[in-house]
2 protein chains.
Amino acid sequence: MRRRSTTLTEQELEIMKVVWERDHSTVRDVYETLLERRKIAYTTVMTMMKILEQKKYLKKTLADRAYVYRPAQPKGQVIGDMVRDFINRVFNGSAEPLLVHLVQEHDLSPEELEEIARLRRPS
Amino acid sequence: MRRRSTTLTEQELEIMKVVWERDHSTVRDVYETLLERRKIAYTTVMTMMKILEQKKYLKKTLADRAYVYRPAQPKGQVIGDMVRDFINRVFNGSAEPLLVHLVQEHDLSPEELEEIARLRRPS
DNA sequence: GTTTTAGTACTAATTAATTAGTATGAGACG
DNA sequence: CGTCTCATACTAATTAATTAGTACTAAAAC
């Protein structure tokens, strides 16, 4: 058997990124945005957004004739869950080795680190 | 269609973690390690390791009667690829917002940050 | 030498993720 | 009013990921 993902899957995330950029979104809004990047069918977007609503990532209200969707959870929360899940899967729950990777391979200078460190300890 | 993953999938990663801990591994070695954690069939492990060999994550040599597997790429390289893939998917290629998440939600103190920062700039 | 053991190769089934087609209905428009 | 447009609901097909069974073979054990 194949375990169902506890976080956003790849395409779900693509849709949520569009939705988070906007105050509210119809299927057509998201469809047109995604269509700029790749071939996709309107009903594909609709199906995905229905799934996201069932998974409690989106909430919908009926406006005029079409559903209007809004995020059901703040972006930071959802992304934070994905980061946590990644750290669990790849680093057995320990954040520090991920940080080491970032510093060593992702062009993060000590200056940037210090700046970010101040987020936790405002001087 | 469903795009094939460019990085290690969840169960592939579980097997690679076991292999990386050891100098060399047979299917039985990995099977017995995984069995301590969960129910799994010997042939399941064998199939997965064959896939990992085809994907160039493992290389095998025939020793005695059974294949002996070794990592074909260093762990740091493979994990680094996974980190890069995650940053691409979730943060559109930018490492800094991931760092902010780590600092804010994963108990990383400024002291730890400074220590890690020294990895890049040995005093 | 026959049987038991332990390995691989091959096949296949299941489920999640992704994609999209078809049917249907309500409102806009002539 | 009939038709066109645009929305949803429902159904279904495809592929990747995961799991494991069965057949076969060679060596070990008796």
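On a predicted model such as this, the values are computed, not experimentally measured, just so you know. In what follows, chains are A, B, ... by sequence order, proteins preceding strands, each numbered from 1.
If you measure from atom CG of A/Leu52 to atom P of C/dT19, you get 13 Å, rounded to the nearest angstrom. Summarising the geometry, the separation between CD on B/Glu10 and C1' on D/dA17 is reported as 11 Å, rounded to the nearest angstrom. In this structure, CD1 of A/Ile51 is placed 10 Å from P of C/dT19, rounded to the nearest angstrom. Separating the CZ atom of A/Arg4 from the P atom of D/dT18 is a distance of 15 Å, rounded to the nearest angstrom. When rounded to the nearest whole Å, the span between OH of A/Tyr69 and P of D/dA7 equals 12 Å. Atom CE in A/Met49 sits about 16 Å away from atom P in C/dT18, given to the nearest Å. Note: CG (B/Leu34) to P (D/dT19) measures 10 Å, nearest angstrom. One atom, CD of A/Glu14, and another, C1' of C/dA17, lie 14 Å apart when rounded to the nearest Å.
A sub-4.0 Å separation between OP1 or OP2 of D/dT15 and a side-chain N or O of B/Arg3 is absent. Between D/dA9 and A/Tyr67, a contact under 4.0 Å exists linking OP1 or OP2 to a side-chain N or O. Distances shown here put every side-chain N or O of B/Tyr42 at or beyond 4.0 Å from the OP1 or OP2 atom of D/dG21. For C/dT8, neither phosphate oxygen OP1 nor OP2 lies less than 4.0 angstrom from any side-chain nitrogen or oxygen of B/Lys50. OP1 and OP2 of C/dG27 both lie 4.0 Å or more from every side-chain N or O belonging to A/Arg65. In this structure, A/Thr26 does not reach the D/dA7 phosphate: none of its side-chain N or O atoms is under 4.0 Å from OP1 or OP2.
Mapping A/Thr7 and A/Asp64 onto DNA chain C via the closest heavy atom, the residue that lands nearer the 5' end is A/Thr7.
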Under 3.5 Å, which N/O atoms of the protein pair with N/O atoms of nucleotides 20-24 of chain C?
from	atom 1	to	atom 2	distance (Å)
C/dA20	OP1	A/Lys39	NZ	3.0
C/dA20	OP2	A/Ala41	N	3.0
C/dA20	OP2	A/Thr44	OG1	3.2
C/dA20	N6	A/Thr47	OG1	2.9
C/dG21	N7	A/Thr43	OG1	3.2

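A 4.5 Å side-chain heavy-atom check between B/Leu13 and B/Thr7 finds every atom pair outside the cut-off. Counting only heavy atoms from C-beta outward, the side chains of B/Leu98 and A/Leu98 approach each other to under 4.5 Å.
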Using atom types as modelled, flag every donor-acceptor pair under 3.5 Å from a side chain in residues 71-81 of chain A to any protein atom, sequence neighbours excluded.
from	atom 1	to	atom 2	distance (Å)
A/Gln73	NE2	A/Lys56	O	3.0
A/Gln77	NE2	A/Asp81	OD1	3.4

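Annotation: A/Glu21, atom CD; neighbour count of heavy atoms from other residues, nucleotides and ligands within 6.0 Å does not exceed 12.
Ring pair A/His101/A/Phe91 is tilted by interplanar angle, where 30° to 60° counts as tilted.
In this structure, B/Tyr67 has no ring pair (Phe, Tyr, Trp, His ring centres under 6.0 Å) partners at least two apart in sequence or on a different chain.
When the nucleotides D/dT18, D/dA17, C/dT8 are ranked by their closest atom to the side chain of B/Ala66, C/dT8 comes out on top. The side chain of B/Arg28 sits closest to C/dA6 out of C/dA9, C/dA6, D/dT8.
Side-chain N or O atoms of A/Asn88 include none that pairs as donor or acceptor with a backbone N or O of A/Asp85 at under 3.5 Å.
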